[in-house]
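Everything on this sheet refers to the single structure shown next.
Keep in mind that the numbers below use all heavy atoms, side chains included, and drop hydrogens, waters and symmetry copies. Here is how names work: the chains are called A, B, and so on, in the same order as the sequence lines, proteins then strands, and each is numbered from 1. The structure displayed is predicted, hence computed values, not measured ones.
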Amino acid sequence: MEYIKRKIETIVSEYVKKEFGEDYPVRFLNPPKISMGDLTLSSAFEIGKKLRKNPREIAEKFKSVLEKLEEVEKIEIAGPGYINFFFKKEKYLEEIEKVLNYKRDTEAEEKIIVEHTNINPNKAAHIGHIRNAVLGDTLVRMLRATGKKVEVQNYIDDTGVQVADVVYGVLYIDRKSIDELKKIDKIDYYLWDLYVKVYEKDDEESKQKRREVHHKIERGENPEKEYAEFISTEVLKRHLQTTARLGIDYDVLPRESDIISLKFWESAFELMKEKGVIYFQTEGDNKGCWVMKVFEDGEEREKVIVKSNGAITYVGKDISYHLWKFGLFEKDFYYKKLDNRHYITTSSEKDADKNVSFGKGDRVYNVIDQRQSYLQNIVKKALKKMGFEKQSENLIHFSYEVVALSKKSAKEMGFNTDTDKSFVEVSGRRGVGVKADDLIDELEKRALKEVKERHPEFSSEKSESIAKMISSSALRYYMIKYTLNSMIVFDFEEALKFEGETGPYLQYSNVRMKSLFRKFEEEFGKKPEDEINPPYSFDSFEPKEREELWEAIIIGSRFDNELDTAIKNLEPSRLAKYGFYLCQKLNFIYNNFPVIKEKNQERRKITLFTLHFLYKQLNKVLDILGIEKPEAM
RNA sequence: GCGCCCGUAGCUCAACAGGAUAGAGCAUUGGAUUUCUAAUCCAAAUGUUGGGGGUUCGAGUCCCUCCGGGCGCGCCA
């Protein structure tokens, strides 16, 4: 119904300017009940507030102006001043293509970079990482659905202490050669356990040894460097297999080791000195460091960017990475193919693919959990201080709460639940967490059992393929249905559900429709689309039935509004909820209005229209949520 | 100590930018199919939105205060 809103907007802003001599934003609301109207305009409140007039009186003035709209059947002023529109139903149905093919105004060409997943390549991916990846991927799909150009980056911290710690473990605890590592089936699982072992013996001597390993990797000394490269690449490949199970891909994988060897930092350092953003501290706690002044909590504080031993801090690296993301210095990576879906950065020119280019974004979304807010803000401030105001503003921390384990689930897995808190924190170092692949395996197992029970006639290949789609949708929906601010206290019982507000429910609704349309074709010898033609008439329905069908159509018409709101508020859960709501309406109509058995052609046409329209809208939602659409389930 | 976030039905969560009678799922109880996939649908029941005060036509939402919980504030990454 966005096309009608645009029409109303034009009329309202013209009228308001003439009548009240000022511009007011035109805002729409959804009436809480369809009996109150199809759409609400709230302008009377805003104008009334400003002019200190009764909003109801102002609303009355709008009535005559807006009633002239050809789409409008009637207008009612309700409550304290809501302007409620009732559309001409038959006309609305005739123009449904305008709803289905709504095109947003094309904004100036803008390149968006979304960074997400960013799992340290030293152990298996766990449910916390999955929330990040699913949120990031959904954000990407949301943006692309509105026609935006989006590049997806997955940053690989292959030189950090985490990798060094497992290299230490391999070299000094398990004493394995690279050839031996190659024989391990799931290296990420092996390292999950090894990582825990490394921290079990956390004495001074091993700490010292670990630091040494880290420094050697940073300086490029072998065999440490070789091990680090091997491990991080192999674990990365495993992570990509895991995310691929959820339908998640990336355009480019920038590696920290390349940032270091291509000396990004040196350029960033020069730039920061030149712009006077950092300076050398000669006294106090930070003596010998390069620091940046940060204004926070009403006082100037210092943030160390280069340590007194000359090493760069984490923020320092992040600042240079972001200068690259926005294309703010001349430095660039080389790229090569990692597999047929992903490019990875490289520092050597000779194996580089010269035909691709990444970065140089206008807007950047970083999908990182809420604990990193402080540091993300430092990067933003650094950009601003360097004079890159616009880029600083366009750097958006897509922040969300973490995933923890419910005490019940943690106990079931044999973790220590002796804590004051009502949940158990996920910790890679202690090996506390649910591995993503384990969870997906379990979901697949359960889905397969269901499919086999329902369809014993299916080949095992077919059943398995369907089970995979179901498990992926269940996990994706579970991760997306919570608002970003809400901590997910992971519970097996909740996550393994296929009924109620779950991904499979949405999938199932879709399958039902497909099946219905298939049967319709068999029965009537034509496609549903061929039946759905004007003229339309609701005359053969009871008033109650008419309202039920019409409500479903109005709900279905809100897709574009929901998508826009989800993007504006950066809240993917909104779209998940909408998808669920859509399916509830769809299933209700399906259960209460027969199609194939319906003898009255007028009734059949309208019912089919409604279901087909909701089905098409649902398909858009499923694509954005990354939920696959099996033929049967 | 300072900053950010949260507190809503028995449980897990919604509530669009301050809007109309605070809604879903799960669990509970009862019901629907000789009929398009029952992973469905319908109905019943459950609320002082942590407490108190304020702002206004209107507050779960904004402000103040108190209580309870989470996270952050490194020359770690």
Side-chain angles (χ1 to χ4, degrees), chain A residues 25 27-33 36 40 42 45 48-49 54-56 78-82 84 120 157 159-162 164 214 256 285-291 296-299 301 303-309 311 313-315 317-318 369-375 399 401-402 404 406 421-423 447 450-451 454-455 470 481-483 485-489 491 493-494 497-502 504-505 507-509 511-520 523 561-562 564-566 568-569 571 573-574 577 580-581 583-584 587-588 590-598 611 632-633:
Chain A
R27 272 189 59 214
F28 294 100
L29 300 167
N30 295 326
K33 276 198 175 158
M36 298 173 179
T40 300
S42 70
F45 295 118
K49 188 156 213 158
N54 188 344
R56 237 197 122 92
Y82 297 102
N84 289 334
N120 287 324
D157 184 2
T159 56
V161 284
Q162 294 87 348
H214 189 199
E256 183 161 290
D285 290 344
N286 298 330
K287 186 176 175 183
C289 299
W290 286 86
V291 299
E296 55 194 31
D297 305 337
E299 55 173 309
R301 288 162 74 168
K303 184 77 200 163
V304 174
I305 305 294
V306 183
K307 306 178 214 170
S308 55
N309 66 4
T313 58
Y314 173 68
V315 218
K317 282 181 209 162
D318 221 20
D369 77 55
Q370 164 264 111
R371 293 172 300 189
Q372 299 262 17
S373 300
Y374 174 71
L375 289 166
S399 166
E401 258 290 356
V402 294
S406 73
K421 297 175 185 173
S422 55
F423 55 85
E450 290 283 327
V451 174
R454 283 156 211 259
H455 302 282
I470 294 171
K481 73 190 246 190
Y482 299 93
T483 51
N485 271 338
S486 160
M487 183 197 277
I488 297 183
V489 180
D491 188 80
E493 212 179 310
E494 276 292 316
K497 263 181 196 153
F498 295 153
E499 287 159 26
E501 201 200 333
T502 66
Y505 172 78
Q507 251 173 344
Y508 178 73
S509 312
V511 164
R512 271 183 137 180
M513 289 308 120
K514 278 192 188 178
S515 171
L516 171 64
F517 299 148
R518 200 167 42 233
K519 281 243 163 69
F520 179 89
E523 199 73 26
N561 178 44
E562 292 295 325
D564 288 341
T565 314
K568 194 171 55 190
N569 300 342
E571 190 52 271
S573 68
R574 243 198 107 89
K577 291 272 179 222
F580 175 65
Y581 194 34
C583 287
Q584 280 188 318
N587 280 310
F588 173 79
Y590 180 88
N591 271 291
N592 292 285
F593 294 84
V595 176
I596 291 168
K597 276 204 74 185
E598 177 62 65
L611 290 173
M633 64 186 275

Quiz item: Within a strict 4.5 Å, meaning less than it, do heavy atoms of the A:Y82 and A:M36 side chains meet?
Solution: no
P-based separation of B:U8 from B:G70 [nearest Å]
15 Å
Between A:M633 and A:H455, the two heavy atoms sitting closest are O-NE2, 2.8 Å
Can you confirm whether A:N309 is buried at CG, in the sense that more than 12 heavy atoms of other residues, nucleotides or ligands lie under 6.0 Å from that atom? yes
Minimal heavy-atom distance between A:S399 and A:D369, with the atoms involved, is OG-C, 4.4 Å
A:Y314 atom OH is separated from B:G72 atom C1', nearest whole Å, by 14 Å
To the nearest angstrom, the OH-C1' distance between A:Y482 and B:A15 comes to 17 Å
Protein-proximity profile, nucleotides 25-38 of chain B, B/S/- by nucleotide at the 4.0 Å heavy-atom cutoff, equals SS--------SBBS
Atom CE of A:M487 and atom C1' of B:G69 are separated, to the nearest Å, by 9 Å
Smallest heavy-atom separation, A:K497 atom then A:E493 atom, equals CG-O, 3.5 Å
Here the distance between atom C1' of B:A22 and atom NZ of A:K33, to the nearest Å, is 12 Å
Regarding the side chain of A:N485, the nearest nucleotide among B:A17, B:C6, B:A77 is B:C6
Self-check item: Short side-chain to backbone donor-acceptor contact, A:H214 and A:T159, under 3.5 Å
Solution: yes
Roughly how many Å apart are B:A38 and B:G31, using the C1' atom of each and rounding to a whole number? 13 Å
| request: Pick the P atom in B:A27 and in B:C42, then give their distance to the nearest Å. | output: 16 Å
Atom CZ of A:F423 and atom P of B:G69 are separated, to the nearest Å, by 12 Å
A:F28 CZ to B:G19 C1', in whole Å, measures 16 Å
Handout entry: Span that lies between the C1' atom of B:G7 and that of B:G47, in whole angstrom
Key = 15 Å
Nearest heavy-atom approach of A:G79 to A:R56 is O-NH1, 2.6 Å
The contact string for nucleotides 55-60 of chain B, one letter per nucleotide 5' to 3', using protein heavy atoms under 4.0 Å with B, S and - for base, sugar-phosphate only and none, comes out as --BB--
Check your understanding: Taking only N and O in the side chain of A:K421, is any of them less than 4.0 Å away from OP1 or OP2 of B:C71?
Key -> yes
inquiry  = Taking A:K519 first and then A:E523, would you say they form a salt bridge - that is, a charged N and a carboxylate O separated by under 4.0 Å?
reply    = no
- [ ] For A:E571, answer base if it contacts any base atom (sugar-phosphate contacts may also be present), sugar-phosphate if it contacts only those atoms, and nothing otherwise; contact means non-hydrogen atoms under 4.0 Å.
- [x] nothing
Gap in Å between the two P atoms, one belonging to B:C57 and one to B:A14, rounded: 32 Å
* To do: Name the nucleic acid region contacted by A:T40, choosing base, sugar-phosphate or nothing; use a 4.0 angstrom heavy-atom cut-off, strictly under.
  => base
Could you give the distance separating B:U49 and B:U34 at their P atoms, to the nearest angstrom? 45 Å
Atom CD of A:E562 and atom P of B:A17 are separated, to the nearest Å, by 11 Å
* Could you check whether A:N286 gets within reach of a base, just the sugar-phosphate, or nothing at all, counting any heavy atom under 4.0 Å? => base
- Could you tell me whether A:A78 contacts a base, only the sugar-phosphate backbone, or nothing, with contacts defined as non-hydrogen atoms closer than 4.0 Å? base
query = So what does A:N569 hit on the nucleic acid, given a heavy-atom distance under 4.0 Å: a base, only sugar-phosphate, or nothing?
reply = sugar-phosphate
Just to be sure I understand the rule, does A:K287 reach a base, reach only the sugar-phosphate, or reach nothing, if contact means heavy atoms closer than 4.0 Å? base
Side-chain atoms of A:Y82 come closest, of B:C76, B:C41, B:A20, to B:A20
query = For A:K577 and A:T483, what are the C-alpha separation, side-chain angles and deciding distance, and is it a side chain to side chain contact (heavy atoms under 4.5 Å, CB included)?
reply = CA-CA 10 Å; A:K577 291 272 179 222; A:T483 51; over 6 Å; no
Stems of at least 3 consecutive Watson-Crick or G-U wobble pairs (donor-acceptor distances under 3.5 Å) involving RNA chain B, listed by first number, are B:1-7 with B:67-73, B:10-13 with B:23-26, B:28-32 with B:40-44, B:50-54 with B:62-66
Residue set satisfying side-chain hydrogen bond (donor to acceptor under 3.5 Å, both in side chains) with A:T502, at least two apart, ordered chain then number -> none
- Message: Any base atoms under 4.0 Å from A:S373, or only sugar-phosphate, or nothing? Heavy atoms, all strands.
- Response: nothing
Original post:
With a centroid cutoff of 5.5 Å and a plane-angle limit of 30°, would you call A:Y505 stacked on B:A39?
Top reply: no
Quick note, A:T483 side chain, CB onward, closest among B:C71, B:A14, B:G74 is B:A14
For a quick check of understanding: with a heavy-atom distance under 4.0 Å over all strands, which category does A:V451 fall into, base, sugar-phosphate or nothing?
base
Please walk me through it: do A:F423 and A:M487 pass side chain to side chain contact (heavy atoms under 4.5 Å, CB included)? CA-CA 10 Å; A:F423 55 85; A:M487 183 197 277; 3.6 Å; yes
ring-ring contact (aromatic ring centres under 6.0 Å, His included) filter on A:F28, not counting sequence neighbours, yields none
A:E571 meets the side-chain hydrogen bond (donor to acceptor under 3.5 Å, both in side chains) criterion, sequence neighbours left out, with A:S573
To the nearest angstrom, the NZ-C1' distance between A:K568 and B:C16 comes to 8 Å
Per atom distances to the A:K317 side chain, the nearest of B:G72, B:C16, B:A77 is B:A77
P spacing across the pair B:A77 / B:A20, given as an integer number of angstrom: 50 Å
Just by distance, with hydrogens left out, do A:N587 and A:Y505 show a side-chain donor and acceptor under 3.5 Å apart? yes
Discussion item. For the C1' atoms, the ones on B:A17 and on B:C73, what distance do you get once it is rounded to whole angstrom?
Written reply: 31 Å
Picking from B:A15, B:A77, B:C41, the nucleotide nearest the side-chain atoms of A:Q162 would be B:A77
Walking RNA chain B from its 5' end, the first of A:V489 and A:C289 to be reached, judged by nearest nucleotide, is A:V489
* Asked: Across the strands shown, which category fits A:N84 at heavy-atom distances under 4.0 angstrom: base, sugar-phosphate, nothing?
  -> base
Using side-chain heavy atoms (C-beta onward) and a distance below 4.5 Å, is A:K303 in contact with A:L375? yes
